[in-house]
Amino acid sequence: MTSRWFMMTLTALTLIACGAKDTTDDSSAIDADGDGFAEADDCDDNDAAINPDATESCDGVDNNCDGTVDEGVTVTAWPDVDGDGHGDPRYPEEVCSVEAGYVDNDGDCNDIEAAAYPGAVEVCDGIDNNCDGTIDDADPALDVSSATTWYVDSDGDSFGDPSNTEVACEMPAGTVTDGNDCDDGDPDVYPGAVELCNGVDDDCDPNTTEDGVATAWDSSGNPQDITADVTGSSSAPAAIEVTGDATVRFCDGTFYVTIDVTADALIESWGGASATTLDGAGGGAVIYSTADGVDITVRELTVTGGSGMDTAALSSGNGGGGVACEADGTTTLALEGVSLIDNEAESGGGLYAYGCDVTISDSDISGNVGNTAIGGLLIADGTHEITNTTVTYNESAAHSGGALVQGVNEYLELTMDEVEFSDNYAVEYVGGFGAISSIVSWTGTSSSTSGAHANVLEGGSGGGLYLADTTFTGSVVDFGEGADDNSRADIYVDDIDFDYMAPDDATFDCDTSGCGEAAEYSLGGTVSSNDYAELLKGNIIEAETDATLNEFSIYFNPEASCVLDFYVLRDSDVDDTWDVLWSSTDNSLGTGADYYSSGDIGIAVEDGLYYGLLVGSRCSTSGDETLYYFDRDYVPTTLDGGFGSSVAHFDDVNDYSAVFTSTAELSTYASSVLRYEMTLSVTELE
């Protein structure tokens with residue numbers, strides 16, 4: 001428009017200057033461009049395409065002379081900076097056509113992000129992809145395939161449960177990226193955790209084994225791996241100390257270690273005594289304590305290879321090869337399901353306890369050695385209980401093969417139920433079980449072997465049970481039969497120097513005066529007399545039960561002062577050679593007819609053997625006579641001596657004193673019906 005106006009002005013000036021045209025305005029008649037419209041009606045009379053009847057076209061010109069340019073022929077375009085086919089609604093433009101960089105829509109909500117436009121798929125990228133006003137997790141239309149799988153970590157150990165997941169763009173609270181937790185309820189169980197002795201796959205690796213692992217838990221339940229601390233060798237055992245209240249647990253394997261306990265402690269295995277062994281390797285007592293006022297429990301372990309703890313109370317120096325405890329009476333020690341085997345010490349090869357209250361249950365104490373005394377168990381003072389336990393094949397170089405309990409500062413109290421002492425060995429007294437200054441209760445059942453049997457004692461008495469200054473109550477306690485009998489008698493009461501034999505399932509009481517109830521028996525019937533001097537008389541009784549011969553008496557009427565010699569002999573049959581079991585010689589006689597007693601004998605007689613009860617008279621003056629009273633008028637089957645039947649008699653006119661200094665060869669008359677009148681006191685334990 002500017003150029004056209006300039007040309008028209010120039011023409012007018014030219015005409016004026018030349019004076020060639022009339023100055024009168026007659027534009028209504030001029031149609032310079034020949035478009036049928038005079039100049040007055042034509043908005044551009046120099047362009048025939050521009051006139052009031054022209055069609056408006058998009059060319060930046062008022063083609064139809066209506067005063068507006070490009071009306072009705074433009075289109076609106078919006079810039080599309082990100083090239084996603086959607087324009088920025090903030091910058092609309094009217095254009096003849098949509099050119100490159102523009103689009104014909106204004107739906108883009110983010111024109112600098114090609115992934116954001118209406119209809120786009122909402123994905124996890126931090127932008128509003130579909131322009132619905134919500135982003136990522138807040139948009140219900142989110143394509144979850146673009147999201148991340150998160151694992152719920154319920155126990156806070158930074159490892160999640162693979163079966164408990166959440167799918168989201170952003171990490172939800174309480175979730176983690178690693179879903180390899182094998183127990184999301186235990187914060188101590190996760191991949192890479194330290195493997196503990198607890199029966200749990202702590203590190204979530206099923207190929208990891210707990211064998212050889214040891215763990216300690218403090219009183220708050222916090223675990224600590226102590227495997228390295230308890231791993232010694234057979235030549236150099238490790239040594240640890242439990243100084244704080246703790247549970248110490250060993251998994252399957254053998255640990256060469258000794259443990260000093262100075263606090264409340266539970267020391268146990270995971271797999272049981274058959275799978276887990278603590279071996280002291282000769283380095284002292286395997287488990288020991290000298291602490292006062294602590295509670296110690298040893299559970300389901302095999303304890304072996306111990307060599308004893310130095311003690312203050314034992315003159316022998318050390319005690320308790322396997323387990324040792326010495327305290328002031330306020331410490332408790334419990335053995336539960338423990339195997340104490342093949343330990344040794346000067347005293348108490350398996351267990352030594354002084355001033356510690358001991359409880360033993362479901363345990364096995366075997367193969368232990370006391371180099372000075374007591375192979376299996378030595379317990380002094382306190383109150384104790386032993387149940388369902390065997391004490392077998394323990395040995396002592398002196399006394400007490402199986403066990404000895406003793407009250408030192410006070411009477412010891414012990415209760416035993418279903419406890420077996422068998423096949424233990426000692427050189428001196430106490431083959432199986434001994435009690436000194438104690439109160440002991442021992443029970444069993446007819447179907448069990450609770451009791452003492454097959455124990456061997458080389459010398460002394462008390463093959464099965466030894467009692468001294470002790471009150472004993474036994475109920476259904478086995479003492480063996482035949483080959484299972486205890487050698488050197490089943491029971492010995494030291495206070496009266498008496499031996500007893502007891503059957504299986506025996507029930508009886510003992511105290512310092514002996515065991516059971518004595519019964520009186522008589523051998524003899526109608527009394528007649530015979531005059532003898534310097535002679536030996538006696539009965540032979542075939543034992544028909546296990547019993548104790550307490551004493552016997554014979555009826556005499558000495559004519560002058562004489563002395564009596566009493567003997568008890570034993571043989572397997574009635575022949576000329578007898579063993580002398582007991583004797584009491586030079587017993588003074590008064591005058592006058594009376595029963596003269598042997599005094600206490602306490603010999604245990606055994607079923608099936610023969611026993612000779614003999615009395616010899618020696619008078620001070622040659623020729624003095626002593627009247628023996630005897631009965632000629634009965635048959636052997638009527639002769640009950642309390643433990644068997646009288647089957648023969650002794651009648652030796654020789655010098656019997658010389659006989660008994662050698663082999664006790666005596667003339668016997670097994671076929672004779674002559675029986676000498678005697679009374680017997682016999683105890684038979686039922």
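The figures that follow rest on heavy atoms only: side chains count, while hydrogens, waters and symmetry mates do not.
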Starting from the C-alpha separation in whole Å, work towards a yes-or-no answer on side chain to side chain donor-acceptor pair (under 3.5 Å) for N130 and D139.
-> CA-CA 9 Å; N130 59 8; D139 193 339; 3.0 Å; yes
Check whether [X] reaches the backbone of [Y] with its side chain - one donor and one acceptor, N or O, closer than 3.5 Å.
X    : Y    : result
D84  : D82  : no
D155 : D186 : yes
D111 : V81  : yes
N110 : Y117 : no
T276 : A273 : no
T148 : C169 : no
D70  : D59  : yes
D252 : D211 : no
D33  : D47  : yes
T231 : T227 : yes

Give the intermediate values and the outcome of side chain to side chain donor-acceptor pair (under 3.5 Å) for residues T392 and T390.
-> CA-CA 6 Å; T392 60; T390 57; 4.9 Å; no
Check against side-chain contact (heavy atoms from CB on, under 4.5 Å), N63 and T55 | CA-CA 6 Å; N63 302 93; T55 300; over 6 Å; no
Report yes if some heavy atom in the side chain of [X] is under 4.5 Å from a heavy atom in the side chain of [Y]; otherwise report no.
X    : Y    : answer
D35  : D42  : yes
I267 : V261 : yes
V75  : V95  : yes
D279 : P237 : no
S363 : E336 : no
I296 : T332 : no
I360 : L351 : yes
D88  : D108 : no

Of N198, L266, D245, which meets side chain to side chain contact (heavy atoms under 4.5 Å, CB included) against W217?
->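 When side chain to side chain contact (heavy atoms under 4.5 Å, CB included) is applied between W217 and each of N198, L266, D245, only N198 qualifies.
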In Å and rounded to the nearest 0.5 Å, what is the [atom1] to [atom2] distance from [X] to [Y]?
X    : Y    : atom1 : atom2 : value
S234 : Y256 : OG    : OH    : 5.0 Å
D260 : I240 : CG    : CD1   : 9.5 Å
E346 : N318 : CD    : CG    : 5.0 Å
E210 : R249 : CD    : CZ    : 9.0 Å
D381 : D328 : CG    : CG    : 11.5 Å
L340 : D364 : CG    : CG    : 8.5 Å

So V242 and T262, side-chain contact (heavy atoms from CB on, under 4.5 Å) or not? Walk me through it.
-> CA-CA 6 Å; V242 180; T262 60; 5.8 Å; no
Parallel under 30°, tilted from 30 to 60°, perpendicular over 60°: which one fits the rings of F433 and W442?
->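 Perpendicular.
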Closest heavy-atom pair and its distance - [X], [Y]:
X    : Y    : answer
C124 : A147 : SG-CA, 3.6 Å
C131 : A116 : SG-C, 4.0 Å
I226 : T215 : CG1-N, 3.9 Å
W78  : P89  : CD1-CA, 3.9 Å
D181 : P191 : CA-CD, 4.3 Å
V213 : E195 : CG1-O, 3.6 Å

Just by distance, with hydrogens left out, do [X] and [Y] show a side-chain donor and acceptor under 3.5 Å apart?
X    : Y    : answer
E71  : N64  : yes
D417 : N388 : no
T243 : E241 : no
D53  : N51  : no
T302 : T304 : no

Please determine which of E94, E56, E93 meets the side-chain hydrogen bond (donor to acceptor under 3.5 Å, both in side chains) test together with T74.
->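 The side-chain hydrogen bond (donor to acceptor under 3.5 Å, both in side chains) with T74 is passed solely by E94 among E94, E56, E93.
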Derivation and outcome, side chain to side chain donor-acceptor pair (under 3.5 Å), residues E344 and N371 = CA-CA 7 Å; E344 66 176 89; N371 294 317; 3.0 Å; yes
Go through Y151 and D161 one step at a time and tell me if the side-chain contact (heavy atoms from CB on, under 4.5 Å) criterion holds.
-> CA-CA 6 Å; Y151 301 91; D161 184 348; 5.9 Å; no
Full working for side-chain contact (heavy atoms from CB on, under 4.5 Å) between T445 and E418 = CA-CA 7 Å; T445 60; E418 301 294 346; 3.0 Å; yes
Results of side chain to side chain donor-acceptor pair (under 3.5 Å) for N222 - residues two or more places apart only |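 Result, side chain to side chain donor-acceptor pair (under 3.5 Å) vs N222: D218.
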When you look at T290 and E326, which way does the side chain to side chain donor-acceptor pair (under 3.5 Å) test go after all the steps?
-> CA-CA 5 Å; T290 56; E326 187 172 83; over 6 Å; no
Over 12 non-hydrogen atoms of neighbours within 6.0 angstrom of OH in Y393 |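 Counting neighbours around OH of Y393, 12 or fewer heavy atoms of other residues, nucleotides or ligands fall under 6.0 Å, so no.
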Tell me, yes or no, whether the heavy-atom count around E170 atom CD, taken from other residues, nucleotides or ligands under 6.0 Å, exceeds 12.
->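 Counting other residues, nucleotides and ligands, CD of E170 stays at 12 neighbours or fewer.
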